Every structure is written in C-alpha cells, then in structure tokens.
Number of protein chains: 2
Amino acid sequence: MTHSTAGGRTRGAKADAAQGKRARLTAAAAQVLHEQGVEKTTLADIARAADVPVGNVYYYFKTKDDLVEAAIGTHGDTLRAVLATLDELPEPRDRLKHLVRGWVDQRDLAARYGCPTGTLASELDKRADGLDEKLAVHLRALVDWVAHQFRAMGHRRDARELAVALVAAYQGISLLTNTFRDPDLMAAEGRRLQRWLDTL
Amino acid sequence: MTHSTAGGRTRGAKADAAQGKRARLTAAAAQVLHEQGVEKTTLADIARAADVPVGNVYYYFKTKDDLVEAAIGTHGDTLRAVLATLDELPEPRDRLKHLVRGWVDQRDLAARYGCPTGTLASELDKRADGLDEKLAVHLRALVDWVAHQFRAMGHRRDARELAVALVAAYQGISLLTNTFRDPDLMAAEGRRLQRWLDTL
DNA sequence: GTCTATACAGTGATAGAC
DNA sequence: GTCTATCACTGTATAGAC
C-alpha cells in the first residue's frame, strides 16, 4: 500500500500508469481467483486478465501471496461499501432483508463459482500462510454487523447466535447452489430467510 | 472397483497385499485430501500416508484424478452407512436430530479442516474434469434422504426446501466453524437446529 | 518504470530393473 | 507385483536489458 503523495511533483503520468496497472492487477486477481480458485490460478492467468506482461507482475507484487492478499482487501472494501449502503435504511430488520436480497440477486454468480468470500475462505484454510486470518477479519465484521442489527431488533441475548446462523445459512446455500448449479435453490432459501426475519 | 473373486485359487497373499495397499491408498487419499485440499496434496503426500512407495501408486491408480475419485467413493460409502444406521430409528424426527448430533460430534474436525464433503465439493467445482458431479450425487442423496424424513413428518409441500435448508445450515456453519477455528459455533447452531426440528 | 529471458523447484507420470 | 530412476512439464521468481 503506497502512501498517497499528495501534491507530489510531476510524477503524474508514470505514477498514474503504475496505479492503473496495480489496480488492474488487483481487480483481475479478485475475479480470476474467485473463478478458478487460488491454487489453479497462475500468475500468468492474472497477468493476462489484467493485460500486463507476466514478468512485470513482480514489479507490483513481490509474491503470489501478496496478490492474494490484495484480492482479500477488495473483498473487505466491497463488504464495507455494501454495509454502509444498508446502514442508510432506518429499520434494522429492513437492513437484514436487503442484505438477503443482495445475496439472492447474485445467485447466478454463486451457481457458477460459489460465494466469493466463502470459497476463498475455504481454500485459504488449507494453506500454510496466515492469509486465512486476514479474510476471517472481514467475515467477522459481517457477523458483527448482522449481530448489531439483531440487537437493535431487541434480541439482546442471542443476537450473535442468530447472526452466525444467518451468515451460515447464506454460506451453506451458496455451496449447495454451486454444487448443484441451481440458482433457484438460493432464491427459495432467500424467501425462507425473509419470512424468518419477519417473525423475529 | 474389482469384483470379489470368491473362492479363487491361491492368489491369496499377493492379491490381499494388493487389496491392502489399494485400500490403504484410498483411505489415505480421503484423509489427506480433506486435510490439505486437492490441489496442495501431491501423490507423494498420499503415498507417504499410505506407506507405499511413490512410484508404485501408479500401479493401483492410473492418474491423480482416479485417486480423488476413489476418495469421493469412500465419502459415498460413509454417508450410506450413516443413513442406514439412522434409518433404524422409528421416528423420522429423531433420525434428523441424530443426524445433527452426529455433525456436532465432529465439530473439532470441522474446526480444523471443514466438512469433508463440503470443502471437497468447493474445490472440485474449480476443476475442469467432471469429478464435481460424482460428489454432487452423494450430496444429493443426503438431501433426498432428509427430504424423505420431512415428508414422513407431514411436510408434503416444502419437504425438499426444508431439506436443502438443513443441509445448507450444516455446510454453512462448517465453513464458519472452520474459518473462525471455533467448534462452539457448531455446537450452538446444532442446539438451534434441534429446537427448530422440535417445532416442525 | 517496463518488459524479456531464464533459472530453479516441484509435480505428475513413465520406463524398465528386480 | 513391486519399486527406482528419470523424463517432461508447469509455475514461481529473479536477473538484467531496454
């Protein structure tokens, strides 16, 4: 993560290009790693998707793990942005229902490649490096946010348990939706969760 | 799968050894693939775990995929055995509750390596070969069996939806239990599912 | 800063001795 | 049937030209 050299001299063109390539590599990594999995994805795959020469990747990222870590970072950014939008809704119940709706809206992607965060978490767990913990932080932030909503709905004692259950329901249905290649499974489970939220 | 040559001549010693090694390799594959993941596991890893020389593996399995397929087969065998035991219970509700109990009993394993079937399904999905469908068959068999129990409990219309939800709940909590390395998550969700089953 | 050529390690798979 | 030696290939990473 380079510090923003605000008002730096005329390093404009080159630095912008560098920023552009770095950003492109990060975005490409997030997408390709989701579609192909971490282990099956080569640096050449990511470089090709980002339209950057293979050997040049190492100027921006020292190792493949650094690239994976960057992808994890974008997951965190995306999550934060989603939650910030949901926070604008006045009712905590509506926030949760819109969260579920967002999941259902992505059911086709889940059917093809699974939940971006979930499949990545599953893979990172098998690796020796501590990258899995970096992703766990973001997943934990989601659970915390959901628990906060349940608490605001009056569930003092079991808010966290309900939060875990809701996120788990999504992760589980993502896996089944993916395994059976059937987006309708996600849609049906979404409706069930909506009804469930209405009863709480 | 070799047919059992019942009463064959004195091919005892050699064939038994072969059977023994093949069985050992299959068992080792199922375990190591679960612990390390498919991509990170080398044939050398499996051979070592089975106490078989590396190059000799190819006498029993032509390719690595064949070994993975054998591991998938043991997943199917295990599942069938579990369901057969549960079928001995008279009440369908008790069958489901015992199924959940069995999951909870394995929470330590799930915390370390995730659900054996779920993590494998997630990984196989990223591969080009059609191995993911072979595993999907077994997962579908589980969903079918659960749906059958719900139907026996009087849930004519939404038995399948409930079945998908129950299996998904398990898969999801397995992933969170694994990501957060916290078996208590599985225990709490197990209690919640038990209560839920009691209300249906 | 950008890119090419290449070193180096690891892996699946085969040939062939025993 | 069992095992050793080795091949062919792929992928990460580096050195260094431009």
Side-chain angles (χ1 to χ4, degrees), chain A residues 1-3 5 8-26 28-29 32-33 35-71 123-124 126-129 131, chain B residues 2 5 8-26 28-29 32-33 35-71 123-124 126-129 131:
Chain A
M1 191 76 75
T2 53
H3 300 128
T5 58
R9 245 186 278 182
T10 47
R11 50 180 276 285
K14 282 187 179 178
D16 284 1
Q19 273 272 345
K21 286 199 178 178
R22 201 180 200 284
R24 256 154 55 208
L25 280 168
T26 305
V32 179
L33 289 177
E35 293 175 359
Q36 305 189 345
V38 179
E39 301 297 335
K40 295 276 300 182
T41 298
T42 70
L43 292 177
D45 291 335
I46 297 174
R48 196 181 322 117
D51 198 33
V52 166
V54 205
N56 197 9
V57 173
Y58 288 91
Y59 177 74
Y60 301 98
F61 298 93
K62 275 185 285 295
T63 74
K64 182 181 179 180
D65 274 15
D66 286 353
L67 215 32
V68 175
E69 192 170 345
E123 261 196 293
L124 291 182
K126 310 292 188 191
R127 312 193 104 213
D129 48 50
L131 249 42
Chain B
T2 54
T5 58
R9 248 189 275 181
T10 46
R11 53 179 274 285
K14 281 186 177 177
D16 284 1
Q19 273 271 344
K21 286 199 178 177
R22 200 178 201 283
R24 258 154 54 208
L25 281 168
T26 305
V32 179
L33 289 176
E35 293 176 359
Q36 306 189 344
V38 178
E39 301 297 335
K40 295 277 297 184
T41 298
T42 69
L43 292 176
D45 291 334
I46 297 174
R48 196 181 321 114
D51 198 34
V52 167
V54 204
N56 196 8
V57 172
Y58 288 91
Y59 177 73
Y60 301 99
F61 297 93
K62 277 185 283 294
T63 75
K64 184 181 179 180
D65 273 16
D66 286 353
L67 216 32
V68 175
E69 192 169 346
E123 261 196 293
L124 291 182
K126 310 292 188 190
R127 313 193 104 213
D129 49 50
L131 247 42

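The chains referred to below are lettered A, B, ... by the order of the sequence lines, with proteins before strands, and numbering in each begins at 1. Being a predicted model, the structure only gives us computed values, none of them experimental.
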Tell me whether A/Glu123 contacts the main-chain N or O of A/Glu39 through its side chain, where contact means a donor paired with an acceptor under 3.5 Å.
yes
Atom-pair distance (CG on B/Leu25; C1' on D/dC3), nearest Å:
13 Å
Nearest listed nucleotide, side chain of A/Pro53, among D/dC3, C/dA13, C/dC3
C/dC3
Are any of B/Lys40's side-chain N or O atoms less than 4.0 Å away from OP1 or OP2 of C/dT11?
no
Given atom CZ of B/Phe61 and atom C1' of C/dT14, what is their separation to the nearest angstrom?
18 Å
Would you indicate which nucleotide in C/dT4, C/dA13, D/dC3 comes nearest to any side-chain atom of B/Lys64?
C/dA13
Whole-Å distance between C/dC3 C1' and A/Leu43 CG?
15 Å
In whole Å, I'd like the distance from the CG atom of A/Leu67 to the P atom of D/dG11.
15 Å
Rounded distance in Å - CD (B/Glu39) to P (D/dG11):
11 Å
Between A/Thr42 and A/Gly55, whichever has its closest DNA chain D nucleotide further toward 5' is A/Thr42
For A/Tyr59, does the six-membered ring have the charged nitrogen or CZ of A/Arg22 within the cation-pi criterion, i.e. under 6.0 angstrom from the centroid and within 45° of the normal?
no
Find the distance A/Arg48:CZ to C/dC3:P and express it as a whole number of Å.
16 Å
D/dT12 C1' sits how many Å from A/Asp45 CG, rounded?
13 Å
Can you find a side chain N or O atom of A/Tyr59 that sits less than 4.0 Å from OP1 or OP2 on C/dT2?
no
Given C/dT2, is OP1 or OP2 found less than 4.0 Å from the side-chain N or O atoms of A/Tyr60?
yes
Under 3.5 Å donor-acceptor, B/Asp45 side chain and B/Thr42 backbone
yes
Testing the basics here: between B/Arg24 and B/Asp51, what is the closest heavy-atom pair and its distance to 0.1 Å?
NH2-O, 3.2 Å
For a side-chain contact (heavy atoms from CB on, under 4.5 Å) with A/Val68, tell me which candidate from A/Thr41, A/Asp129, A/Ile46, A/Leu124 qualifies.
A/Leu124
So if I take every side-chain heavy atom of B/Asn56 and compare against C/dG1, D/dC3, D/dT14, which nucleotide ends up nearest?
D/dC3
When you get a sec, tell me which of D/dC3, C/dA13, D/dA13 is the closest nucleotide to the side chain of A/Tyr58?
D/dA13
